[in-house]
Amino acid sequence: MKIAMIGAGYVGLVSGACFSEFGVDVVCVDKDENKIKQLNSCVCPIYEPGLENLITSNVNSKRLVFTTDLSLAMKDADAVFIAVGTPSRRGDGHADLSFVYKAAEEVAANLQDYTVIVTKSTVPVGTGREVKRIIMDQKPGAEFDIASNPEFLREGAAISDFMRPDRVVIGTENKRAADVLSELYRPLNLLETPIVKTTLETAELIKYAANSFLATKVTFINEFATLCEKLDADIQDLAKGIGLNGRIGSKFLHAGPGYGGSCFPKDTLALAKTAQEAGAPTKIVETVVDINNHRKVEMVDKVSRACGGSVEDKTIAVLGLTFKPNTDDMRDSPSLVIIPELQKSGAKIKAFDPQGMREAKKFLQNVVFCRGPYEAMDGAHAVVIITEWNAFRALDLVRVKSLLKTPILVDLRNIYNLSEMEKAGFIYYSIGRRELRIGS
Ligand code: UGA
């Protein structure tokens with residue numbers, strides 16, 4: 001089988017590389033000539049564990065090709081995947097579909113024999129139908145079907161999510177299109193992966209519902225973390241205590257500084273807009289968006305309290321800048337709110353992130369970027385862990401204490417134990433747990 005993948009961004013690259021690993025001939029198209037050049041020399045423009053190796057082996061075996069030429073990519077393709085960006089439109093939170101519709105026009109211009117046109121980008125309900133209309137208008141009589149095949153890849157674990165998914169969702173009203181997609185995913189039959197076949201609209205909505213539900217779950221546990229702090233309860237035990245109930249499940253119950261990334265913030269907002277316009281507002285999701293926005297700012301109070309009530313003229317070492325570990329993605333990262341707020345309160349910031357520094361430099365000003373965690377902590381008054389990279393999980397606490405001016409550690413991901421921090425003599429503030437204050 002042969003497919004064309006439009007868009008060599010995160011989704012297009014991971015999906016393209018993984019389909020080629022399944023044995024499909026994949027041609028990835030992007031307008032960015034530099035990116036295509038880089039990719040053809042097997043240099044991956046984003047950090048995603050395992051992706052560069054996968055690209056290299058499939059480029060070498062000639063199953064994966066990168067080009068700027070859509071007509072070449074679409075020649076003899078059984079399916080064309082649209083995997084271009086759908087950023088939040090400035091001002092109203094709606095998903096910006098201009099790239100999707102532009103891609104649809106270009107697909108129409110290059111359409112020859114029967115092809116299944118698949119939206120892989122996260123698109124609001126109704127987009128698939130609009131893509132169909134664009135193509136029919138532009139090329140009446142063309143032989144094609146439309147399908148929606150949303151992705152559920154987590155950054156940092158995208159390859160295993162693609163290779164061993166919980167499920168595959170295929171939305172189309174046409175059996176021929178469903179058969180082409182089922183054939184593409186055939187290698188997953190061995191793992192008995194469930195395939196949910198449904199309508200175009202339902203498939204589009206499943207993606208938003210899944211992300212909104214997960215964002216809600218994270219926000220639920222974050223609110224309970226604050227409640228635990230007020231009631232002297234412990235969020236770790238609470239999460240375990242509820243998570244062991246099979247109907248609740250233990251995943252996505254890690255309290256933290258608020259969710260970020262390229263998906264949850266954008267998708268919850270877009271869903272809320274769609275639902276309002278449909279006359280069926282999703283009040284829960286709207287509230288989740290508000291709570292999560294406030295949460296990031298609330299983290300600044302915690303740091304301030306740990307520092308004795310003010311961070312003015314204090315140097316704060318920040319460990320972890322990306323929205324989660326194993327990515328270089330800074331989009332909507334809590335650090336982008338927390339650091340400027342700390343600066344506004346008069347703090348000086350030294351920071352380190354294992355992969356995110358290049359990106360972070362584009363968004364953060366007046367930060368001293370360091371080469372490692374210990375360099376960041378040297379001479380600082382306090383250290384704040386924003387992202388739970390493995391590199392921060394086993395810091396040499398004796399060394400940390402000797403480097404800091406005051407032994408203050410604010411752990412926004414609960415990666416340390418209260419007892420070990422108590423033993424090590426830290427003033428330790430974490431999330432939803434007892435605070436270790438001076439002399440406590
Ligand atoms: C998310 C979904 O998990 C994927 O299934 C989906 O395909 C993807 O969005 C997308 O729409 O493309 P991702 O944004 O990579 O994936 O990251 P997650 O691992 O889901 O984490 C999202 C945010 O929630 C992060 O800021 C993370 O730190 C936070 N989080 C997650 C918590 O604070 N606590 C948790 O228990 C879990």
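Computed from a predicted structure; not experimentally measured.
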Could you go through the side-chain contact (heavy atoms from CB on, under 4.5 Å) check for Val65 and Val59 one step at a time?
CA-CA 6 Å; Val65 174; Val59 165; over 6 Å; no
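- Contact of the Val169 side chain with the Asn149 side chain is not registered, since no non-hydrogen atoms from C-beta on lie closer than 4.5 Å.
- Here the straight-line distance linking atom CD of Gln38 with atom CG of Asn40 works out to 10.5 Å at 0.5 Å rounding.
- Under a 3.5 Å cut-off, the side chain of Thr315 and the backbone N or O of Ala380 do not form any donor-acceptor pair.
- The shortest heavy-atom contact between Gly128 and Glu204 is N-OE2, 2.8 Å.
- Side chains of Pro334 and Leu412 form no contact here, defined as non-hydrogen atoms less than 4.5 Å apart.
- Under the ring-ring contact (aromatic ring centres under 6.0 Å, His included) criterion, Phe99 pairs with no residue, sequence neighbours left out.
- Using modelled atom types, no side-chain atom of Ser15 and backbone atom of Gly12 make a donor-acceptor pair closer than 3.5 Å.
- Contacts classified as side chain to side chain donor-acceptor pair (under 3.5 Å) and involving residues 150-163 (residues at least two apart or in different chains) are given here: Glu151-Lys207, Arg154-Asp161, Glu155-Ser262, Glu155-Thr327.
- For Glu229 and Arg434, the salt-bridge test fails: no basic side-chain N is under 4.0 Å from an acidic carboxylate O.
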Give every donor-acceptor pair under 3.5 Å between a side-chain atom in residues 50-58 and any protein atom, sequence neighbours left out.
{"residue": "Glu52", "atom": "OE1", "partner": "Cys44", "partner atom": "N", "Å": "2.7"}
{"residue": "Thr56", "atom": "OG1", "partner": "Glu52", "partner atom": "O", "Å": "2.7"}
{"residue": "Ser57", "atom": "OG", "partner": "Leu54", "partner atom": "O", "Å": "3.4"}
{"residue": "Asn58", "atom": "OD1", "partner": "Arg63", "partner atom": "NE", "Å": "3.4"}
{"residue": "Asn58", "atom": "OD1", "partner": "Arg63", "partner atom": "NH2", "Å": "2.9"}
{"residue": "Asn58", "atom": "ND2", "partner": "Glu21", "partner atom": "OE1", "Å": "2.9"}
{"residue": "Asn58", "atom": "ND2", "partner": "Leu54", "partner atom": "O", "Å": "2.9"}

Intermediate values then yes/no, side-chain contact (heavy atoms from CB on, under 4.5 Å), Ile386 and Ile338:
CA-CA 9 Å; Ile386 298 187; Ile338 297 170; 4.1 Å; yes
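- Put simply, the side chain of Ser121 gets close to the backbone of Ile82: a donor and an acceptor are under 3.5 Å apart.
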Working for side-chain hydrogen bond (donor to acceptor under 3.5 Å, both in side chains), residues Lys266 and Thr86
CA-CA 9 Å; Lys266 170 171 77 74; Thr86 54; 3.3 Å; yes
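- Within 6.0 Å of CZ on Phe224 lie no more than 12 heavy atoms contributed by other residues, nucleotides or ligands.
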Sequence neighbours left out, cut at 3.5 Å: what donor-acceptor pairs do the side chains of residues 239-258 make with other protein atoms?
{"residue": "Asn245", "atom": "OD1", "partner": "Arg247", "partner atom": "N", "Å": "2.8"}
{"residue": "Asn245", "atom": "OD1", "partner": "Arg247", "partner atom": "NE", "Å": "3.4"}

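- Inspection of the Asp96 and Ser98 side chains reveals an N or O donor paired with an N or O acceptor under 3.5 Å.
- Listed for the Asp411 side chain is a donor-acceptor partner under 3.5 Å among the backbone atoms of Arg413.
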Could you please spell out the steps behind the salt bridge (Lys or Arg N to Asp or Glu O under 4.0 Å) verdict for Glu420 and Lys423?
CA-CA 5 Å; Glu420 77 184 306; Lys423 211 163 99 201; over 6 Å; no
Let me see the working for Asn366 and Gln343 under side-chain hydrogen bond (donor to acceptor under 3.5 Å, both in side chains), right down to the final yes or no.
CA-CA 9 Å; Asn366 300 321; Gln343 288 173 320; 5.9 Å; no
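- Thr282 places no side-chain N or O within donor-acceptor distance of the main-chain N or O of Ile284, the cut-off being under 3.5 Å.
- A donor-acceptor contact closer than 3.5 angstrom links the side chains of Thr199 and Thr202.
- For the pair Cys18/Ile159, a side-chain contact is recorded, criterion being any heavy-atom separation below 4.5 Å from C-beta on.
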Please step through salt bridge (Lys or Arg N to Asp or Glu O under 4.0 Å) for the pair Arg129 and Glu201, ending with a clear verdict.
CA-CA 9 Å; Arg129 267 197 212 278; Glu201 284 74 13; 2.5 Å; yes
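- For the pair Lys350 and Phe369, the cation does not sit on the ring face, since its NZ or CZ is not both under 6.0 Å from the ring centre and inside 45° of the axis.
- Between Lys348 and Glu312, no side-chain nitrogen of the basic residue sits less than 4.0 Å from a carboxylate oxygen of the acidic one, so the salt-bridge criterion is not met.
- Salt-bridge annotation for Glu277 and Lys273: absent, with no side-chain N of the basic residue lying under 4.0 Å from a carboxylate O of the acidic one.
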Taking it one step at a time, do Thr198 and Ser148 satisfy side-chain contact (heavy atoms from CB on, under 4.5 Å)?
CA-CA 9 Å; Thr198 181; Ser148 162; over 6 Å; no
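- Between the side chain of Lys314 and the main chain of Ala382, no donor-acceptor pair closer than 3.5 Å is present.
- A donor-acceptor pair is defined here as one N or O able to donate and one able to accept, closer than 3.5 Å; no such pair exists between the side chain of Thr68 and the backbone of Asp30.
- Looking at heavy atoms from C-beta onward, Val410 lies out of side-chain contact with Val383 at the 4.5 angstrom threshold.
- With a 4.5 Å cut-off on side-chain heavy atoms, Arg305 and Glu435 count as touching.
- Across every non-hydrogen atom of Ile431 and Ala225, the tightest pair is CG2-CB, 3.6 Å.
- A donor-acceptor contact shorter than 3.5 Å is absent between the side chain of Thr406 and the backbone of Ile408.
- Side-chain contact check for Ile221 versus Leu238: some heavy-atom pair is nearer than 4.5 Å.
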Evaluate side-chain contact (heavy atoms from CB on, under 4.5 Å) for Val27 paired with Met5, printing each intermediate quantity in order.
CA-CA 6 Å; Val27 184; Met5 185 68 66; over 6 Å; no
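- Atom-to-atom distance recorded for Thr119:OG1 and Ile146:CD1 is 7.5 Å, nearest 0.5 angstrom.
- To the nearest 0.5 Å, atom CG of residue Asn326 and atom CD of residue Glu388 are 9.0 Å apart.
- The shortest distance between side-chain heavy atoms of Phe22 and Leu188 falls below 4.5 Å.
- Listed by first then second residue, pairs satisfying side chain to side chain donor-acceptor pair (under 3.5 Å) with a partner in residues 367-384 read Arg371-Glu375, not counting sequence neighbours.
- With hydrogens and angles ignored, the 3.5 Å screen pairs a side-chain donor or acceptor of Glu48 with a backbone N or O of Gly156.
- Taking CG of Leu214 as the reference point, atom OG1 of Thr268 lies at 11.5 Å (rounded to 0.5 Å).
- Sequence neighbours left out, not one pair with a member in residues 281-300 passes salt bridge (charged side-chain N to carboxylate O under 4.0 Å, His left out).
- Taken to the nearest 0.5 Å, the CG atom of Leu269 stands 8.0 Å off from the CG atom of Asn293.
- Using cut-offs of 30° and 60° on the angle between ring planes, the pair Phe264 and Tyr259 is perpendicular.
- The OG1 atom of Thr387 sits 9.5 Å away from atom CD1 of Ile415, with the distance rounded to the nearest 0.5 Å.
- Between the side chain of Asn189 and the backbone N or O of Glu192 there is no donor-acceptor pair closer than 3.5 Å.
- At least one side-chain heavy atom of Leu418 sits under 4.5 Å from a side-chain heavy atom of Arg433.
- Exactly one residue among Phe152, Phe19, Tyr10 makes a ring-ring contact (aromatic ring centres under 6.0 Å, His included) with Phe162. That residue is Phe19.
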